[in-house]
Amino acid sequence: MFQNLTQRLSQAIERMRGRARLNEEHVREGLREVRIALLEADVALPVVTAFLDKVRGRALGSEVLESLSPAQTLVKIVHEELVSLMGEEAAPLDLNHAPPVVILLAGLQGAGKTTTAGKLAKHLQERARKRVMLVSCDVYRPAAIEQLKTVAEQVGAMCAPSSGDEQPAEIAKRAIDQAKRQLADVLIVDTAGRLHVDQEMMDEVAALHAQVQPRETLFVVDSMTGQDAANSAKAFADVLPLTGVVLTKTDGDARGGAALSVRHITGKPIKFLGIGEKSEALELFHPDRVASRILGMGDVLSLIEDVGRKVDQDKMQKMATKLVAGRGFDFNDMREQLSQMQNLGGLTGLLDKLPGVGKMSEQIKGKVDDRQITRMVAIIDSMTKKERKFPATINGSRRARIARGSGTQPSDVNQLMKQFQQMQKMMKKLKGGGMKGMLKGLQRRFPGGGGMPPGGMFGR
Amino acid sequence: MFRFFKRSAPEKLVQLNPAEIPQEPSAVEPREPVTSAADQTEAATPTPLPADAEPSAQRPEPLAQASEPAPPSASSSTESESAFFDPAVAFAEAFEVINAEKAAAEALRPASLRERLAASSESFRLKLGSLFDRNPKLDENLLEEIETALLTADLGVAVTTDLIDTLRGRIKRRELADAEALYEGLRADLLAMIEPLAAPLQIDLEAKPHVVLVVGVNGAGKTTTIGKLAKHLKLNGASVMLGAGDTFRAAAVEQLKVWGERNDVLVVAQGTGADSASVIYDALQSAKSRKVDVLLADTAGRLHTQSHLMNELSKVKRVMAKLDPTAPHEVLLVLDGTTGQNAVNQARQFHQAMGVTGLVITKLDGSAKGGIIFALAREFKLPIRYIGVGEKLEDLRSFEPTEFIDALLPARTPPPETS
């Protein structure tokens, strides 16, 4: 959901390419792009302003790291601030309390409270081995109670009865008693959707909160919400002592700025993401991961770091000299390449880190199989030294032996031989390209993203 | 691009907003007069929605519409402003809608759109009022304040930048005398953007049924909109049937059935888990044989990014065409008014898959300002059929651009509409 923000920032960075130092003007220019990126992602304006102030302060005072360009430095700061805004680590539910532990869900109409209640029940039953009971205090919307009942059945949770002509507080009180009797560990209280400007309804939910004394009070918010997310989050946080946020419908293409707004305004951690329609489509929220994905550039940064650190410069150098010297590319070299690729987290990891590969990477990910690489390495490992050095010596019976040794089929060995020949050809063309060249090749293969930073970023 | 109702003889086109039907029984044959169902006040003014198209009811030869593919009401919508809200009083009274605020302020006219949009606070209005009280200089600071206000209203970066650039240009060319002129200029620009979008839903009574397929993402307010719309159509004398096409979400069918009971309207349903297309096919068949005027078909909420679910919608459309090649006559996309810029993506995807013919913007009674309307206007020019400004029945209103702007940016000079 954060793809577009990533692209925006990629562009901003590209524009700053070639600047040597991070001066005030650059910062202003760069941050203007960041501002637009955040606003387009529906981050609430006050949040954007506060965030940028913080970044600006740090950026101007910071010195540019030797190895990073000004643009990269700025991204690094933005990324770090973003991570700190999102919260450093995942915040689990606090269930350490005498049962039944009450979880209260509140939010606007159509945010996804009832669906979340079901998903949460399933999550707690399966991951935390809790006995869960659900109860609906939505006495307003037609068939809302019916909906929760059905949801409870679907996920195999208990459901306390309620009816439309009762007071929410009464329903909740009775549900707690019933939860005690039926030995439920957790009672999830679903409430009616309400507008934060509706004082009467806000009072009602406050009273309900006072009645049930929940251990967790979760604000459920639609990730597609616009600027108003800040207002509603604030109003709910004023009335209810929230303990966390559930961000729903994140499987769409919304840029998810609401996540930032709500987090900033309420100061409460986002605990779960709703990621689909099925009852298991609930995910623990990992702030660091999401911050990285929001920015994406942060990941490019880590890719830069990765490539710098993990690719053994000496080995690359050796290989380059060897190629330049005219000696051929052999299986030893291929193995080297493959294991370096594995060090970087495999092809999938590599693709994940490239911004702008965007949607495409989802499709490709299905096709890219990292186990392939492991298998290829195993096959090479089953060759003799001589075979690795002189691939031409590998005949039919040797192939059969290698297949046996590596636990693969002769056809796999044949395939590897073919790939090897292709690589050999490529290497001849590249001459000294190595990992850098491979990345360039990759870039050429996925031009669609557009947001790919220029090759210069992968320098040295 | 959009499909308006060119198919049938224009005489049969009935606009559902005005109060024409009880007065013109010839256009509506089989159903009982509304007067029997409700009391006098209601019969006189049976709809909460604007009487903007009133003239068309008595229009002797509505043939004027025939030459125009675009809905005819856009131009007439602004003229009968003054008569706008009276129907709502009658409606509210007739249905004994209890409204604490209203009770407190008895003698007052019913909440105007401006008041409804503002809900319990003044929050709908752009935060500019006090700024202009100080008669500020026309400079970048002022523009920046305006920019901020527009952005916080969800107009989006592109639209906002355009508007601000236009204003800046005019300041440079000295076309704007003072801040007041700037304010009025902004109002005019905003109005010009959304004015073409006012086009109330039109029902082709010849179609029998006129099929309205309601689509949208999860939680946008589709079922609630259908409930309100059903009531509204009934009050206008049309016979209505509901098709419970949301077979996915738990209790969605029950929810629609409750609306059906409340409005005394037939609901065709098969239950959760059934094939949505087949339910709607059944509903259409049944509506056809019963010669129902309008079939409102609900669908499950779906995120526009999920292609298999979007394909499912296309299937609903295909299947309908087997019974009636002209159906659905209207594809209403329901958008949550609190949505941010993602609404544009939603509209794009749904339009691509279904050929959306009209929009409903819901939940505008919070503090969300619905600025996406402008972003949508810029990109699609899809008519906005209704806006939802509350949970009560009369809170489904037809979209009035002038009203909307007045609520967002009240006219600086004493507003003429405070009668």
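The chains referred to below are lettered A, B, ... by the order of the sequence lines, with proteins before strands, and numbering in each begins at 1.
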Any A:L45 side-chain heavy atom under 4.5 Å of B:T148 side chain
yes

I'd like to know if the side chain of B:D154 and the backbone of A:G226 have a donor-acceptor N/O pair within less than 3.5 Å. no

Sorted by chain and residue number, the salt bridge (Lys or Arg N to Asp or Glu O under 4.0 Å) partners of B:R348 (sequence neighbours excluded) come out as B:E379

For A:G252 and B:T305, the nearest pair of non-hydrogen atoms, with its separation, is CA-OG1, 3.5 Å

May I ask you to check whether A:D251 and B:Q306 show a side-chain donor-acceptor distance below 3.5 Å?
yes

Between B:L309 and A:E277, the two heavy atoms sitting closest are CD1-OE1, 3.6 Å

Under 4.5 Å to a heavy atom of chain B? For A:R194 that would be neither

When rounded to the nearest 0.5 Å, the distance separating CG of B:L151 from CZ of A:R35 is 6.0 Å

The reported gap from OG1 in B:T152 to CG in A:D228 (rounded to nearest 0.5 angstrom) is 10.5 Å

More than 12 heavy atoms of other residues, nucleotides or ligands under 6.0 Å from CD of A:Q167: is that the case?
-> no

Value for CG (A:L108) from CG (B:D336), rounded to nearest 0.5 Å, stands at 8.0 Å

Pair count under 4.5 Å, heavy atoms only, with chain A: among B:T362, B:N342, B:T338, B:T224, highest is B:N342

Check: Do the side chains of B:E261 and A:P142 get nearer than 4.5 Å, heavy atoms only?
Finding: no

Inset, instruction - Give a yes or no on whether the backbone of B:Q341 and the side-chain of A:D42 come within a donor-acceptor separation of less than 3.5 Å. - result: yes

Review point. Quick one: are A:M224 and B:V217 in side-chain contact, heavy atoms under 4.5 Å?
Key: yes

Would you list the atom pairs, donor with acceptor, under 3.5 Å between side chains in residues 143-151 of chain A and any protein atom, with sequence neighbours excluded?
| unit_1 | atom_1 | unit_2 | atom_2 | d |
| --- | --- | --- | --- | --- |
| A:Q147 | OE1 | A:R141 | NH2 | 2.3 |
| A:T150 | OG1 | A:E146 | O | 2.8 |

### Message
Keeping A:K249 on the side-chain end and B:L303 on the backbone end, is there a donor-acceptor pair under 3.5 Å?
### Response
no

key: Heavy-atom side-chain contact between B:D365 and A:L195 under 4.5 Å   = yes

Assert top hit (heavy-atom pairs under 4.5 Å, partner chain B, pool A:T49, A:T114, A:T225, A:L39) equals A:T225

Turns out that what part of B:Q346 lies under 4.5 Å from chain A's heavy atoms comes down to side chain

If you tally heavy-atom pairs under 4.5 Å between each of B:R262, B:K257, B:Q349 and chain A, the highest tally belongs to B:R262

